[in-house]
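Here is the naming used below: chain letters follow the sequence lines, and residue numbers restart at 1 for every chain.
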There are 2 protein chains.
Amino acid sequence: MLEERQRKGGRPRDATRDADILEAARAVLAERGYERTTMAEIAARAGAGKATVYRRWASKAELVIDVLACSGSLAITVDDVPDTGSLRGDLAALRALKSRDESTWRALVGLVSELPHSPELARVVDQRVVGPRVALIRGLLERARDRGELLPGVNVDLLSRVPSSMIAYRLLVTHEPLDPEFLRSLSEDIVVPLATGRPRD
Amino acid sequence: MLEERQRKGGRPRDATRDADILEAARAVLAERGYERTTMAEIAARAGAGKATVYRRWASKAELVIDVLACSGSLAITVDDVPDTGSLRGDLAALRALKSRDESTWRALVGLVSELPHSPELARVVDQRVVGPRVALIRGLLERARDRGELLPGVNVDLLSRVPSSMIAYRLLVTHEPLDPEFLRSLSEDIVVPLATGRPRD
DNA sequence: ACTATACGGAACTCGCCAGTTCTGGAACTC
DNA sequence: GAGTTCCAGAACTGGCGAGTTCCGTATAGT
């Protein structure tokens, strides 16, 4: 975002427009994808003029990067997930927490084809979208290891990427909804048995 | 593809141009993505004129659909994978077979953002790209079940989607290569332990 | 009051690309 | 050889969207 110094007097920027534009951009991005997203539509949906948008962001690319940098990040960390005493319980607690995560993944849909052409966008996606979500699962797995729940020889690196992969695949490729049953199976039929070797309870 | 009837005489179509154009389209698609793919570049790379392209396909969308329909399909089926006597062995045999599968997944990169806007494209992707690959793993899992290798209560539906999900995620989102070590871990650290409950050998 | 900058909105430039048409020539049928 | 359809290549058309500029107006400092 451009942070111009205001020389003398003049009307100050309306700070509320920033958030409105980012929110509009996020919405358009999620439903149209990067290429089909137009600055005109973002401005119109934010109730702003295009000039107001370009006063804050130098280009469409920078605005989109800021959408992810500002609102794409996952608020939840390992410490927000209560320690229930078992990996299975922790994963259930996590599912109860992140109910509104889907829209960031949806915004990613249209960005996927841009990633190979924009190193900066790829970096932001990795830092703010992919990284935190993988790290969250990894944190829960390490918590399970401290409890002694983990089987010896479990590939934590790979296993912590399984949920993100399957969620992304579902939303990006097959376009099925993230229903609770799917998320439950993901935890209890995949992650828990692989980590602890306990297929049923 | 347009299959016009040739009325009377005239120079016959050069059938070799069809394959050249499809191959060029596939290549451009994989490295540029749908929106950045131009008919001019496809024609140039195929050493053809744009008129020659439009004589065979009515639009860019139809050409792209045909790229997947003609060359995106997986040639391998369950019957091509030798029965080695164990799931672990079958998966190793499968890895030896599909060495050149990566380019179809790469072509999918740029198509992902188009899927929500083109039902026909989504149908072709599901039928020719996603379906066969999931079915292949499912077939190997069912072979393992017939052998009595499978643990009771394994979620075959979900498990058969794990490899496709993780491969797609790697190529679409994180852009890491499909190195043999990753594919081996996918089989031996994820699929085999989950299916058979045998983490190590 | 004066000045400088903000605002929404609309008109504008400019380049890109899908799709069409033309050219000079080649290949095939009758 | 007359007529037709093909070929590669290049010129052309039309629409769309990024980014700019201008309008009339609003809101601040001095």
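- One atom, CD of B/E114, and another, P of C/dA18, lie 12 Å apart when rounded to the nearest Å.
- Protein atom CG of A/D20 is 9 Å distant from nucleotide atom P of C/dG8, rounded to whole Å.
- In this structure, A/E35 atom CD and D/dA18 atom C1' are separated by 12 Å, rounded to whole Å.
- Regarding B/E41, its CD atom lies at a distance of 15 Å from the P atom of D/dG9, rounded to whole Å.
- Here the straight-line distance linking atom OH of A/Y34 with atom CD of B/E35 works out to 11.5 Å at 0.5 Å rounding.
- One can place OH of B/Y54 at 12 Å from P of C/dC17, the figure rounded to the nearest angstrom.
- Here the straight-line distance linking atom CH2 of A/W57 with atom CD1 of A/I42 works out to 9.5 Å at 0.5 Å rounding.
- The listed nucleotides are C/dG8, C/dA18, D/dA18; the one nearest the side chain of A/A48 is C/dG8.
- Among D/dC6, D/dG19, C/dA6, the nucleotide with an atom closest to any side-chain atom of A/R11 is C/dA6.
- Of the candidate nucleotides D/dT20, C/dG8, C/dT21, D/dT20 has the atom nearest to the side chain of A/K50.
- In this structure, the CH2 atom of B/W57 is 16 Å from the P atom of C/dA18, given to the nearest Å.
- The side chain of A/T52 approaches C/dG8 more closely than any other nucleotide in the set D/dA8, C/dA11, C/dG8.
- Comparing atom distances between the B/A51 side chain and each of C/dG19, C/dA27, C/dT21 picks out C/dT21 as nearest.
- Atom CZ of B/R13 and atom P of C/dT29 are 16 Å apart (whole Å).
- Taking atom CE of residue A/M39 and atom P of nucleotide C/dC14, one finds them 20 Å apart after rounding to whole Å.
- Take B/A43 and apply the side chain to side chain contact (heavy atoms under 4.5 Å, CB included) test, not counting sequence neighbours, and it matches B/K50, B/V53.
- Among the heavy atoms of the strands, none lies under 4.0 Å from B/T16.
- Geometric assessment of A/R161 against the ring of B/Y169 yields a negative cation-pi assignment under the 6.0 Å and 45° thresholds.
- Across the strands present, D/dA10 finds its partner in C/dT21; the criterion is a Watson-Crick or G-U wobble pair with both atom distances under 3.5 angstrom.
- Distance CG/B/L141 to CG/B/L194: 10.0 Å, rounded to 0.5 Å.
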